[in-house]
Peer 1: 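Sharing a structure here in structure tokens format.
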Amino acid sequence: MITIAKTVDEVRSIVKGWRKEGLSVGLVPTMGFLHEGHKSLIDAAVRDNDRVVVSVFVNPTQFAPNEDFESYPRDLNKDAELCEKAGAAVIFHPEPSEMYHEDYSTFVDMRTLTQVLCGKTRPIHFSGVCTVVSKLFHIVAPDRAYFGQKDAQQLAVIRHMVEDLNFDIEIVGCPIVREADGLAKSSRNTYLNEEERKQAVILSQALKEGLSLIQQGERDADKVKNVVRSRIGTAPLARIDYVEMVDFKTFENVKEIKGEILTAVAVYIGKTRLIDNFIWKG
Ligand code: PAF
């Protein structure tokens, strides 16, 4: 049976034991309700490291009061099964009070990258993410940590934080894993009813159309964004939060498509907010 560590002391002492044996350690930070996307991160971590810790923690500080912290799906037994099968050694599953004691007051805030895209709609989100990920990095002290490219802004923010704060940890980004029809895998897909699930495919279809325009030589970002927007608009249940094209280093909006460009969308399908993206390098 996979070990489930619930306290900081417990996971630290396990990792210390591994370090004494000279073993390398990979960390896969998650909020649980694991799917194939998470499994691909765990697979990569198992491939690269002697031991792998998967953290399963629905982090309250990255949710605003009006968001889905309470209803976020949870299933530790199923998560443990997936982690064990994939070859992870330990799940770190703390209670919120273990991570944030009563008078907790230290947060990691980034002044660039976090005010745009998802940070515009979710102003406290990246502060919560950077704070919890820093804490996980201090607690587990891994050699490598694994994040999915579906959350491309999160991946860029974490890379930047690691550089700014001198964490001696390699950040490994892993490709988006998709359902057969193209919908990016996400724990939030479980919120969708049958009709919403059908229409949710519009995100990946619209992005595909945008990418194909770029591949055909289009370099005007507004033209590509308009095509993506109109395609999303064909799904009656879709409401666009944003469709943006930004420089993948600075996260500044681009007019002309050149260099490394992130095209990212956030779309409500019914009440569920979904994100997807592609990165193009020219
Ligand atoms: O991507 C997620 O699931 C979360 O934002 C993370 C990185 C585990 C931090 O809570």
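Hydrogens, waters and symmetry mates play no part in the numbers below; they use all other heavy atoms, side chains included. One-based numbering, in listed order, for ligands and for the atoms of each.
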Peer 1: Evaluate side-chain contact (heavy atoms from CB on, under 4.5 Å) for Leu113 paired with Gln153, printing each intermediate quantity in order.
Peer 2: CA-CA 8 Å; Leu113 309 188; Gln153 188 176 12; 5.6 Å; no

Peer 1: Of Ser187, Pro29, Pro60, which has the heavy atom at the shortest distance from atom 8 (C) of ligand 1?
Peer 2: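 Looking at heavy atoms only, the winner is Pro29.
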
Peer 1: I need the atoms of ligand 1 closer than 4.0 Å to a non-hydrogen atom of Val132, numbered in the order shown.
Peer 2: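 Those qualifying, in numeric order: 9 (C), 10 (O).
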
Peer 1: Does a donor on one side chain sit under 3.5 Å from an acceptor on the other, for Glu36 and Ser40?
Peer 2: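 No, because no side-chain N or O of Glu36 sits under 3.5 Å from a partner of the opposite role on Ser40.
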
Peer 1: Report the relative orientation of the aromatic rings in Phe248 and Phe251; use parallel for angles under 30°, tilted for 30 to 60°, perpendicular for over 60°.
Peer 2: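 Tilted: the ring planes of Phe248 and Phe251 meet at 30° to 60°.
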
Peer 1: Give yes or no for whether the N/O distance cutoff of 3.5 Å, strictly under, is met between Gln154 and ligand 1.
Peer 2: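 By distance alone, the answer is yes.
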
Peer 1: Students should be able to answer this: which protein heavy-atom is nearest to atom 3 (O) of ligand 1, and at what distance?
Peer 2: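 Heavy-atom neighbour on the protein nearest atom 3 (O) of ligand 1: Met31 CG, 3.6 Å.
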
Peer 1: Hey, what's the ring geometry for His38 with His35, parallel, tilted or perpendicular (30° and 60° as the breaks)?
Peer 2: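 Ring orientation of His38 relative to His35: tilted.
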
Peer 1: So, regarding Thr30 and ligand 1 (criterion: nitrogen or oxygen to nitrogen or oxygen, under 3.5 Å), is there a contact or not?
Peer 2: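 N/O-N/O distance under 3.5 Å: no.
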
Peer 1: What atoms in ligand 1 come closer than 4.0 Å to a heavy atom of Gln62?
Peer 2: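 Close to Gln62: 4 (C), 5 (O), 9 (C), 10 (O).
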
Peer 1: I want to check a possible cation-pi pair here: Arg159 against Phe167, using under 6.0 Å from ring centre and within 45° of the ring axis as the test.
Peer 2: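 No, a cation-pi geometry is absent between Arg159 and Phe167.
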
